[in-house]
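Here, residue 1 is the first one in the sequence, and each next residue gets the next number.
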Amino acid sequence: QEKNIVLDNFVINQWYRQLEGHNPFYMINPNPGYEDSIYNKLKVVEHLKVWRKNEIPVHLNYGTNPRIFPLMVLADSGYCFTWGNKKPENKGAHGYDPLNADMHGIFYAIGPDFKKKYVKDSFENIQVYNLICRLLNIEAAKNDGDLKVISDMLR
């Protein structure tokens with residue numbers, strides 16, 4: 001509870017018309033004339049990041065889709081936020097910044113195609129599909145991964 005940020009303490013519900021998302025991430029669609037008010041109030045909240053649509057870091061992959069609301073809010077790792085003075089629903093969440101090492105998965109591989117005792121730096125899960133296709137000797141469908149990113153672990 002001590003790491004829960006209650007957003008109602010900073011943002012008046014008449015300032016926005018729609019929220020989308022779930023802890024630790026929300027998009028906010030402000031009512032006309034309130035975008036700056038919401039942004040400025042949330043910008044100073046500790047353990048919380050707020051971005052305007054055109055400021056969202058590229059590595060979060062939200063791009064310019066018209067369904068992305070004008071404001072995005074993300075809690076720091078280990079923190080959560082709630083609306084409506086509710087208690088946090090669970091003791092864990094996903095959706096934090098993927099650059100945070102706490103959000104990285106563990107990948108173990110053994111077999112004739114892998115180097116022995118090789119340690120690989122973290123990589124995105126999107127790389128696993130191309131690896132599996134390579135191991136099964138099948139052609140990968142078009143995707144966002146690149147086998148070159150992880151080919152160094154192969155013999």
Side-chain angles (χ1 to χ4, degrees), residues 1-109 118-134 140-153:
Q1 189 63 34
E2 65 276 0
K3 291 188 173 186
N4 180 38
I5 302 163
V6 181
L7 293 176
D8 298 80
N9 293 341
F10 306 98
V11 177
I12 299 167
N13 64 1
Q14 288 83 7
W15 290 0
Y16 59 88
R17 63 179 130 195
Q18 189 177 5
L19 302 170
E20 287 292 332
H22 195 272
N23 181 57
F25 154 81
Y26 270 95
M27 293 186 299
I28 304 170
N29 194 1
N31 280 320
Y34 287 101
E35 182 175 332
D36 287 343
S37 298
I38 296 170
Y39 180 85
N40 291 330
K41 284 285 193 175
L42 295 179
K43 193 71 177 167
V44 297
V45 177
E46 290 186 47
H47 306 292
L48 189 77
K49 292 176 183 65
V50 60
W51 297 284
R52 296 181 194 276
K53 183 176 179 174
N54 65 345
E55 299 171 337
I56 299 172
V58 173
H59 74 273
L60 295 178
N61 295 313
Y62 283 93
T64 58
N65 189 298
R67 289 184 271 179
I68 302 300
F69 291 174
L71 296 172
M72 178 179 152
V73 183
L74 180 67
D76 288 347
S77 180
Y79 286 81
C80 64
F81 55 78
T82 54
W83 297 90
N85 294 316
K86 295 180 182 175
K87 290 186 178 185
E89 296 175 13
N90 53 37
K91 296 185 190 289
H94 63 88
Y96 292 99
D97 191 329
L99 293 181
N100 181 338
D102 288 344
M103 297 296 104
H104 295 190
I106 298 172
F107 181 84
Y108 292 103
Y118 185 78
V119 177
K120 172 80 177 150
D121 288 336
S122 292
F123 58 88
E124 294 177 289
N125 286 340
I126 61 170
Q127 309 306 342
V128 175
Y129 170 73
N130 289 316
L131 175 64
I132 299 299
C133 289
R134 159 72 167 64
K142 186 177 177 191
N143 66 85
D144 291 334
D146 183 354
L147 185 59
K148 293 175 193 166
V149 172
I150 56 173
S151 63
D152 57 322
M153 70 174 76

Between R52 and D36, does at least one N-O distance fall below 4.0 Å, as a salt bridge requires? yes
Rounded to the nearest 0.5 angstrom, the CG-NZ distance for D152 and K120 is 3.5 Å
The criterion is side-chain hydrogen bond (donor to acceptor under 3.5 Å, both in side chains); which residues satisfy it with E124, sequence neighbours excluded? none
Enclosure of N31 CG (heavy-atom neighbours >12, cutoff 6.0 Å): yes
Has the side chain of K3 got a donor or acceptor atom that lies under 3.5 Å from a matching backbone atom of S77? no
Measure the spacing between CG of L7 and CD1 of I28 and express it to the nearest 0.5 Å. 7.0 Å
Approximate separation, where rounding is to 0.5 Å, of L131 CG and I126 CD1: 13.0 Å
Give a yes or no answer on whether the side chain of Y34 reaches the backbone of Q14 with a donor-acceptor pair at less than 3.5 Å. no
Does a side-chain heavy-atom distance below 4.5 Å link Q127 with F107? no
Spacing of L74 atom CG and M27 atom CE [to the nearest 0.5 Å]: 12.5 Å
Pairs satisfying side-chain hydrogen bond (donor to acceptor under 3.5 Å, both in side chains), at least one member in residues 141-151, at least two apart: N130-N143
How would you list, by chain and number, every residue that makes a ring pair (Phe, Tyr, Trp, His ring centres under 6.0 Å) with F10, sequence neighbours excluded? none
Could you tell me which non-hydrogen atom of K49 sits nearest to which non-hydrogen atom of D76, and how far apart they are? NZ-OD1, 2.6 Å
CG/L42 to CH2/W51 distance, rounded to the nearest 0.5 angstrom? 12.0 Å
Are side-chain heavy atoms of Y79 and L48 found at a separation under 4.5 Å? no
Mind checking what makes side-chain hydrogen bond (donor to acceptor under 3.5 Å, both in side chains) contact with R134, not counting sequence neighbours? none
Shortest non-hydrogen contact from V128 toward F123: CG2-CE1, 4.0 Å
P70 and P30: which non-hydrogen atoms are nearest, and at how many Å? CG-CD, 3.8 Å
Could you work out, with side chain to side chain contact (heavy atoms under 4.5 Å, CB included) as the rule, every residue matching Q18, not counting sequence neighbours? E20, N29, F69
Return the CD1 to CD1 distance between I38 and I12, rounded to the nearest 0.5 Å. 9.5 Å
Min side-chain heavy-atom separation L60-F25 under 4.5 Å: no
Return the set of residues passing side-chain hydrogen bond (donor to acceptor under 3.5 Å, both in side chains) with D121 (not counting sequence neighbours), or none when no residue passes. none
